[in-house]
Amino acid sequence: MSCLAARTGREKQRYEDELRLVAGCIPYKFEKNCNLENNLLVLMISSPNRDDLVFPKGGWEDDESITEAACREALEEAGIRGVLGKNPLGYWIFRSKSKQSSSSLEGGCKGYMFALQVTEELDSWPEKANHDRKWLTIEEAFRLCRYDWMRDALRRFLAAVSEEWENDRREKLVELPRRLVSEAVAEHQMSSAAAGWYGKRSGVKHQHLGNLSTKCVVQG
């Protein structure tokens, strides 16, 4: 049983223009390596008596920042921790699940979604009894999303992760020649130092490789 407790009630709930403010995330990881096409997985959670899935999200309260709210909901609903993106992927206007068929403003939400790179999965979490979690490919996630706005958030997430992955790949490609040049220069310097060492004649005082604190004196 989890020693953590989920927040309940809406006494501290934030509102904006009669819309309940919500924070959530799209959790992700690379299964094997940073091959974006084949190994990017996202985590979704289930609800009782439903076959479709959702991303962790919940009310943003007045005693926490929006990023704190997103991380809290990820922990409470999915039992995960990780590195949250600095900026939201965007925000979406939708209705709470109990008000989906209503045409009034009641139940309206404004949800901010972040990308969360998962670093820890807990065995027990506050809402484990209500939510199972499941790692999915992007294709599976699109198919199982409960709401259209979540599919739109998933598209925004995929574009952001793809851009970041491509930038990292380019940086690594630029860095590789620099590293090879540095290694070649270092190897050349070591070879030159070794050649200088073996070329010394007897009776000459010198310091071994220039790095040792004691001197080696060869007597003639």
Side-chain angles (χ1 to χ4, degrees), residues 1-14 20-34 36 38-92 94 96-98 109-147 149-154 156-158 160-161 164:
M1 180 178 295
S2 173
C3 61
L4 301 171
R7 291 193 180 194
T8 58
R10 295 190 178 180
E11 295 82 5
K12 297 181 178 181
Q13 173 64 55
R14 293 176 187 255
R20 178 177 175 237
L21 297 184
V22 169
C25 66
I26 298 180
Y28 72 98
K29 69 178 180 179
F30 294 101
E31 186 177 27
K32 297 177 182 177
N33 52 57
C34 288
L36 188 63
N38 298 320
N39 295 311
L40 176 63
L41 300 178
V42 297
L43 184 143
M44 302 187 75
I45 57 175
S46 66
S47 299
N49 304 316
R50 296 291 296 254
D51 294 327
D52 48 13
L53 301 173
V54 297
F55 295 112
K57 62 176 177 40
W60 174 16
E61 300 190 345
D62 61 14
D63 62 345
E64 60 187 352
S65 68
I66 190 169
T67 54
E68 289 172 338
C71 290
R72 175 177 57 77
E73 291 295 338
L75 181 61
E76 290 180 358
E77 293 192 343
I80 53 174
R81 295 188 176 101
V83 180
L84 193 75
K86 292 181 179 180
N87 299 309
L89 299 167
Y91 70 84
W92 287 263
F94 55 90
S96 63
K97 60 183 178 181
S98 62
C109 299
K110 182 177 183 179
Y112 293 84
M113 298 295 289
F114 293 80
L116 175 75
Q117 186 168 12
V118 176
T119 58
E120 183 180 2
E121 298 177 50
L122 304 182
D123 294 327
S124 182
W125 60 96
E127 299 185 23
K128 183 176 182 179
N130 297 323
H131 302 293
D132 290 329
R133 62 190 180 196
K134 187 173 184 179
W135 285 105
L136 304 164
T137 65
I138 296 297
E139 182 179 355
E140 291 171 331
F142 272 116
R143 179 168 52 84
L144 292 171
C145 275
R146 182 174 301 170
Y147 305 118
W149 75 264
M150 288 189 176
R151 293 187 182 88
D152 188 45
L154 189 56
R156 191 84 61 89
F157 158 80
L158 186 57
V161 172
E164 182 177 352

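Residue numbers start at 1 and run along the sequence shown.
Rounding to the nearest 0.5 Å places CG of L136 at 6.5 Å from CE of M44. From D123, atom CG reaches atom NZ of K128 across 6.5 Å, with rounding to the nearest 0.5 Å. Rounding to the nearest 0.5 Å places CD of E73 at 7.0 Å from CD of E127. In this structure, CG in L154 is found 9.5 Å from CE in M113, a value given to the nearest 0.5 Å. With rounding to the nearest 0.5 Å, the separation of CZ in R50 from CG in L144 is 12.0 Å. Distance OG1/T119 to NZ/K29: 11.5 Å, rounded to 0.5 Å.
Scanning all heavy atoms of the two residues, the minimum distance from V22 to K57 falls at CG1-CB, 4.0 Å. What you find for R81 and L122 is that their closest heavy atoms are NH1-CD2, 3.5 Å. Nearest heavy atoms, C145 versus F55: SG-CE1, 4.1 Å. Shown here for A74 and P56, the closest heavy-atom pair between the two residues is CA-CB, 4.0 Å. Pairing each heavy atom of R14 with each of E61, the nearest pair is NE-O, 2.9 Å. In terms of heavy-atom proximity, I80 sits nearest to V118 at CD1-CG2, 4.0 Å.
A distance-only check finds a donor-acceptor pair linking the side chain of H131 to the backbone of S46 [under 3.5 Å]. The main-chain N or O of L53 is never found under 3.5 Å from a side-chain atom of R146 such that the two would form a donor-acceptor pair. In terms of modelled atom types and a separation under 3.5 Å, the side chain of E121 and the main chain of G79 share no donor-acceptor contact. A donor-acceptor distance shorter than 3.5 angstrom exists from the side chain of R151 to the backbone of F142, with no hydrogens or angles considered.
Ring geometry, Y91 versus Y112: the interplanar angle falls from 30° to 60°, so the pair is classed tilted. Ring geometry for Y28 versus F30: interplanar angle over 60°, hence perpendicular rather than tilted (30 to 60°).
Inter-residue side-chain proximity for K110 and W60 is flagged as unmet; no heavy-atom pair is nearer than 4.5 Å. Considering only heavy atoms from C-beta on, W135 stays 4.5 Å or farther from E31 through its side chain.
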Is there a side chain to side chain contact (heavy atoms under 4.5 Å, CB included) between L158 and L40? Walk through the geometry before answering. CA-CA 9 Å; L158 186 57; L40 176 63; 3.9 Å; yes
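Within 6.0 Å of NZ in K134 there are 12 or fewer heavy atoms belonging to other residues, nucleotides or ligands. Remark: E139 CD is loosely packed, at most 12 non-hydrogen atoms of other residues, nucleotides or ligands lying under 6.0 Å away.
No option in L89, L43, L116 other than L116 meets the side-chain contact (heavy atoms from CB on, under 4.5 Å) test with C25.
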